[in-house]
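Take a look at the following structure, please.
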Amino acid sequence: MTAKPNIVVIGTGGTIAGQGKAAVNTSAYLCSVLGIDEILDAIPHAFALANLRAEQLLQTGSENFNNDHLLVIGKRVAELLARQDVDGVVVTHGTDTIEETAYFLHLTLKSSKPAVVVGAMRPPSAMSSDAALNLYDALAVAAHPSSRSMGTLVVANNEIHSARDVVKSNSFKLEAFHSPYGALGYVIEGEPRYYRRPARAHTLDTPWSVETLDVLPKVDIVYAYGALEAQAVESIAANARGLIYAGTGNGNVARHLVDMLCNAARRGVQVVRASRTGAGIVLRNGAQPDDDYGWLTVDDQVPQKARLLLTLALTSSADRRALQAVFERY
Ligand code: SIN
């Protein structure tokens with residue numbers, strides 16, 4: 001008989017740690033109230049999958065997570081994965097920004113051991129809560145050898161998603177998580193089944209390690225609409241090293257904002273064209289002459305993930321060509 005793997009479960013809050021007054025409260029409830037021990041104790045079957053150790057790192061809604069929270073979570077996960085007596089880590093997390101924390105880990109952990117981030121759309125107290133099964137599945141994924149070298153994974157609704165691709169795309173339904181090219185695989189009866197591998201570089205194949213990062217450069221996002229005023233964009237760009245412009249359609253920029261964004265780029269702000277549509281490619285020199293304007297484009301990344309990628313890229317280079325190459329590699 002082979003020994004069970006050792007998995008550490010880190011609690012950070014969210015709906016998976018939430019509690020409503022009644023079972024019918026599927027959308028109105030308190031977040032981040034149950035401790036990670038309580039959450040785990042509610043699924044005793046999970047202890048058959050692995051030797052579990054729980055750790056309460058944070059207890060707050062993921063809408064509050066800033067760059068410092070990402071570093072705190074990342075450093076703790078890295079520390080745990082480096083230990084010989086740890087085979088994998090599961091982070092329980094609010095779903096609002098689960099894709100951002102997971103992507104940050106995907107780009108900055110230096111380990112091939114599984115790191116899985118999991119949340120729930122309904123608290124454990126609600127009818128048809130997804131909390132218990134999502135966590136059980138996440139533990140099954142983290143405990144399984146086939147999950148090694150896959151980068152950071154997000155598990156929800158019996159699906160295993162790559163942290164690079166997954167996006168929360170519904171505000172309240174259980175089927176809230178979507179990857180534009182599909183999930184990597186399924187979890188069925190406590191076992192992961194993979195059908196694909198992540199195509200873009202991650203974890204051991206990136207130049208960034210969370211262990212050596214202490215301060216992250218400021219990168220902001222601007223959401224475009226026709227009546228957006230140049231002054232509003234200017235005031236955001238004034239304090240940032242990078243600006244993700246979530247443009248309309250294929251990253252279009254309204255005429256009255258072009259000069260302002262070109263000036264920002266001349267001052268050294270990295271202006272990156274993205275799309276507010278939530279999917280698809282923003283083609284370099286497509287909708288705008290990016291070479292002439294000194295702008296960058298995101299390839300297929302959604303604005304919130306482009307922000308993280310540029311943030312990390314700026315820790316290693318300020319060269320525009322190198323920064324553009326990052327969007328095409330990761
Ligand atoms: C949060 O992101 O912390 C709140 C919402 C959720 O977990 O679903």
Side-chain angles (χ1 to χ4, degrees), residues 9-40 42-43 46 54-74 76-77 89-106 115-139 141-142 152-161 163 165-179 183 187 221 223 278 302-305 307-308:
V9 191
I10 296 179
T12 71
T15 294
I16 197 165
Q19 200 161 35
K21 285 200 183 112
V24 290
N25 296 126
T26 53
S27 286
Y29 50 83
L30 285 178
C31 270
S32 317
V33 289
L34 301 175
I36 189 63
D37 286 318
E38 278 175 282
I39 302 171
L40 269 181
I43 47 166
E55 208 176 281
Q56 191 77 53
L57 185 63
L58 302 169
Q59 183 66 304
T60 187
S62 73
E63 69 279 7
N64 302 312
F65 286 6
N66 58 29
N67 289 346
D68 293 337
H69 294 87
L70 294 180
L71 289 169
V72 165
I73 296 171
R76 185 60 189 146
V77 175
V89 171
V90 171
V91 180
T92 61
H93 196 289
T95 59
D96 284 5
T97 64
I98 196 167
E99 66 220 48
E100 283 147 88
T101 301
Y103 191 42
F104 181 76
L105 299 177
H106 188 68
V116 182
V117 191
V118 65
M121 292 300 291
R122 292 181 186 161
S125 52
M127 276 195 261
S128 290
S129 172
D130 51 341
L133 186 59
N134 281 355
L135 181 52
Y136 180 74
D137 284 352
L139 292 166
V141 168
T152 301
L153 301 165
V154 172
V155 171
N157 298 318
N158 302 112
E159 291 181 337
I160 310 165
H161 293 266
D165 296 339
V166 72
V167 176
K168 179 176 179 177
S169 53
N170 192 285
S171 63
F172 82 105
K173 287 174 62 176
L174 293 184
E175 303 77 27
F177 302 95
H178 174 73
S179 292
V187 196
I221 302 173
Y223 189 94
V302 292
Q304 62 272 30
K305 293 202 189 173
R307 184 187 84 83
L308 290 171

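On a predicted model such as this, the values are computed, not experimentally measured, just so you know. Whatever order the structure lists them in is the order used to number ligands and atoms, beginning at 1.
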His93-ligand 1 polar pair, N/O distance under 3.5 Å: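 Among all N and O atoms of His93, none is under 3.5 Å from an N or O of ligand 1.
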Under 3.5 Å: donor-acceptor pair, side chain of Ser129, backbone of Pro123: yes
Flag, side chain of Thr26 to backbone of Ala126, donor-acceptor distance under 3.5 Å: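 Not confirmed, Thr26 side chain does not pair with Ala126 backbone.
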Any donor-acceptor pair under 3.5 Å from Thr92 side chain to Ile10 backbone: yes
Element-labelled atoms of ligand 1 that are located less than 4.0 Å from some non-hydrogen atom of Gly61: 3 (O)
Which residue and heavy atom of the protein sit nearest atom 6 (C) of ligand 1, plus the separation: Thr15 OG1, 2.8 Å
Ion pair check, Glu100 and Arg307, cut-off under 4.0 Å: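 Salt bridge absent between Glu100 and Arg307.
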Closest approach of any protein heavy atom to atom 3 (O) of ligand 1, naming residue and atom: Ser62 N, 2.7 Å
Test side chain to side chain donor-acceptor pair (under 3.5 Å) applied to His93 and Thr101, step by step: CA-CA 9 Å; His93 196 289; Thr101 301; 2.8 Å; yes
Side chain Gln56, main chain Leu58, donor-acceptor under 3.5 Å: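 Checking the backbone N and O of Leu58 against the side chain of Gln56, a donor-acceptor pair under 3.5 Å is found.
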From the candidates Ala120, Ala176, Gly94, Ala17, the one that places a heavy atom nearest atom 1 (C) of ligand 1: Gly94
Side chain to side chain, Gln304 and Glu99, heavy atoms closer than 4.5 Å: yes
Residue part near ligand 1, for Ser32, under 4.0 Å between non-hydrogen atoms: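 The answer is neither.
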Min N/O separation Thr60 to ligand 1 under 3.5 Å: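 In fact, backbone or side chain, Thr60 has no N or O that close.
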Met121 touching ligand 1 at heavy-atom level, < 4.0 angstrom: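 Contact absent.
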For atom 4 (C) of ligand 1, closest protein heavy-atom neighbour: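 Residue, atom and distance for the closest contact: Cys31 SG, 3.8 Å.
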Polar atom proximity, Asp96 to ligand 1 (N or O, under 3.5 Å):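 So ligand 1 has an N or O lying under 3.5 Å from an N or O of Asp96.
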Any Gly18 heavy atom less than 4.0 Å from ligand 1: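 It does not; every heavy atom stays at 4.0 Å or beyond.
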Side-chain (Asp130) to main-chain (Ala120) donor-acceptor, under 3.5 angstrom: no
Atom indices of ligand 1, in the order listed, that fall short of 4.0 Å to a heavy atom of Gly14: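 Near Gly14, the atoms of ligand 1 are 3 (O), 7 (O).
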Protein heavy-atom partner closest to atom 8 (O) of ligand 1 - residue, atom, separation in Å: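 Of every protein heavy atom, Thr95 OG1, 2.4 Å lies nearest to atom 8 (O) of ligand 1.
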Asp137 and Asn158: side chain donor to acceptor below 3.5 Å: yes
